[in-house]
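Report on one structure; see the data block that follows.
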Amino acid sequence: MDLLEVKDLKTYFYTYEGTVKALEGVSFSVGNRKTMGLVGETGCGKSVTALSITRLIPDPPGKIIAGSVLFKKKDLLKVSDEEIRAIRGKDISMIFQEPKSALNPVYTIGDQIAENVLLHDEDLKNLSKKEKKREAWAKSIEALRVVGIAEPERIARSYPHELSGGMCQRSMIALAMVCNPSLLIADEPTTALDVTIQAQILELMKDLIKKFDSSVLLITHNLGVVAETCDDVAVMYAGKIIEKGNVREVFKEPLHPYTKGLMEAIPSVEKRKEALKSIPGSVPNLINPPSGCRFHPRCPYVKEICKEKEPELFDGRVACWLYGGAR
Ligand SMILES: Nc1ncnc2c1ncn2[C@@H]1O[C@H](COP(=O)(O)OP(=O)(O)OP(=O)(O)O)[C@@H](O)[C@H]1O
Ligand SMILES: [Mg+2]
């Protein structure tokens, strides 16, 4: 069994304009020690997927209305609030796009990492209060060292606003990894950073994943990042997974017209000077999504059936009428 199995997840937001069907039956899994990339255009539901898994969807207006999230055989949607809090930050940790807003501005970096250790670390259980504090601080210094920070003691005593974006993201990663999580969820971890820093952070993540034997759900809109970092990939479109599989297979032969379009939009060295090609049309409104296949209004291969009936994920690989059912 895989470490994480998300099945038929549906998350809606109830707004004045109507019901936003942000996730409409999302299923995928993340294997042990595997890195799974979740890709798709803005607004397709990537962050809502991450927040649903960890039960951080703001309610109201949001609600997870169906599905299951099996993590180590336990359905996270059914465990108590107390239990999910114990899992967050320990078994499953998260890093976000904006490290500065994810860190607390009024505490030092070291205090924030130490706090996570104090909250979750079983090894500290039998120590006195003073020893606990000392040990948690030592662990946070070590965590900062592990993420490649040269002067961990000085950085530990700094506040987030005193550090660069790249340093904050390294600190966020230290905070996420300090309790040795089995699953790391990284939502656009490098998008807000400079290109050179992005590459460094990705390298760092790759090293740590290997070192700690963690599984990763890596959310990004950058297919280049997926190709470099992930074992598997799931492509989302308008609240659904429309293609998934092994990274090598999907990149060698993308099947869904949307995936093909995304791949053509990757800037290559030769094409760098040209304008970035994008897929015509825009992401559909999730209050009144298109009938049938949600991609059909933008699809160059659209057929009658595509407008009427939603395709299932044929062979567990692609949800498109070009590859299954009535041709
Ligand atoms: N609190 C909310 N209230 C209403 N709608 C929401 C809320 N949060 C998310 N949504 C809607 O859910 C849909 C999916 O949003 P989500 O943030 O998951 O997109 P995303 O794929 O992460 O995009 P991006 O690449 O821009 O981060 C969007 O239509 C969004 O407007
Ligand atoms: Mg997002």
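We count ligands from 1, going down the list as the structure has it; atoms in each ligand are counted the same way. The shown structure was predicted, so the numbers you read here are calculated from the model rather than taken from an experiment.
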Between [Y] and [X], is there a salt bridge with N-O shorter than 4.0 Å?
| X | Y | result |
| --- | --- | --- |
| K139 | E142 | no |
| K132 | D121 | no |
| D232 | K34 | no |
| K125 | E122 | yes |

Would one find an N or O of [X], backbone or side chain, under 3.5 Å from an N or O of ligand 1?
| X | answer |
| --- | --- |
| V48 | yes |
| T49 | no |
| H221 | no |
| P58 | no |
| P61 | no |

May I ask you to check whether over 12 heavy atoms, not counting those of D315, lie within 6.0 Å of atom CG?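 Not buried by this count: 12 neighbours or fewer within 6.0 Å.
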Could you walk me through whether F71 and I53 pass side chain to side chain contact (heavy atoms under 4.5 Å, CB included), step by step? CA-CA 9 Å; F71 175 74; I53 290 170; over 6 Å; no
Quick one: which of K63, K21, E24 gives a side-chain hydrogen bond (donor to acceptor under 3.5 Å, both in side chains) with Y12? E24
Verify the distance test for Q97 against the Mg ion (ligand 2): any N/O/S atom under 2.8 Å, yes or no. no
Close side-chain approach of C320 to P257, heavy-atom, < 4.5 Å: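 Result yes, sub-4.5 Å side-chain heavy-atom pair found.
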Quick one, L4 and S215 - any side-chain contact, counting heavy atoms below 4.5 Å? no
Contacting atoms of ligand 1, where contact means under 4.0 angstrom from a heavy atom of [X]:
| X | answer |
| --- | --- |
| A22 | 12 (O), 13 (C) |
| S47 | 17 (O), 18 (O), 20 (P), 22 (O), 27 (O) |
| L286 | 13 (C), 29 (O) |

Is there a heavy atom in G43 that sits closer than 4.0 Å to ligand 1? yes
Taking the minimum heavy-atom distance to atom 11 (C) of ligand 1, which of L23, V20, D59 ranks first? V20
Given K21, Q97, K46, identify the one with the heavy atom nearest to atom 21 (O) of ligand 1.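 The nearest heavy atom belongs to K46.
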To which protein heavy atom is atom 5 (N) of ligand 1 closest, and what is the distance rounded to 0.1 Å? F13 CG, 3.6 Å
Suppose we measure from atom 24 (P) of ligand 1 to each protein heavy atom; which comes out shortest, and what is that distance? T42 OG1, 3.5 Å
Considering all protein heavy atoms, does one lie under 4.0 Å from atom 30 (C) of ligand 1?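 Flag for atom 30 (C) of ligand 1 set to false, no protein heavy atom closer than 4.0 Å.
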Partner of F13 by side-chain contact (heavy atoms from CB on, under 4.5 Å), out of T19, I57, D59: I57
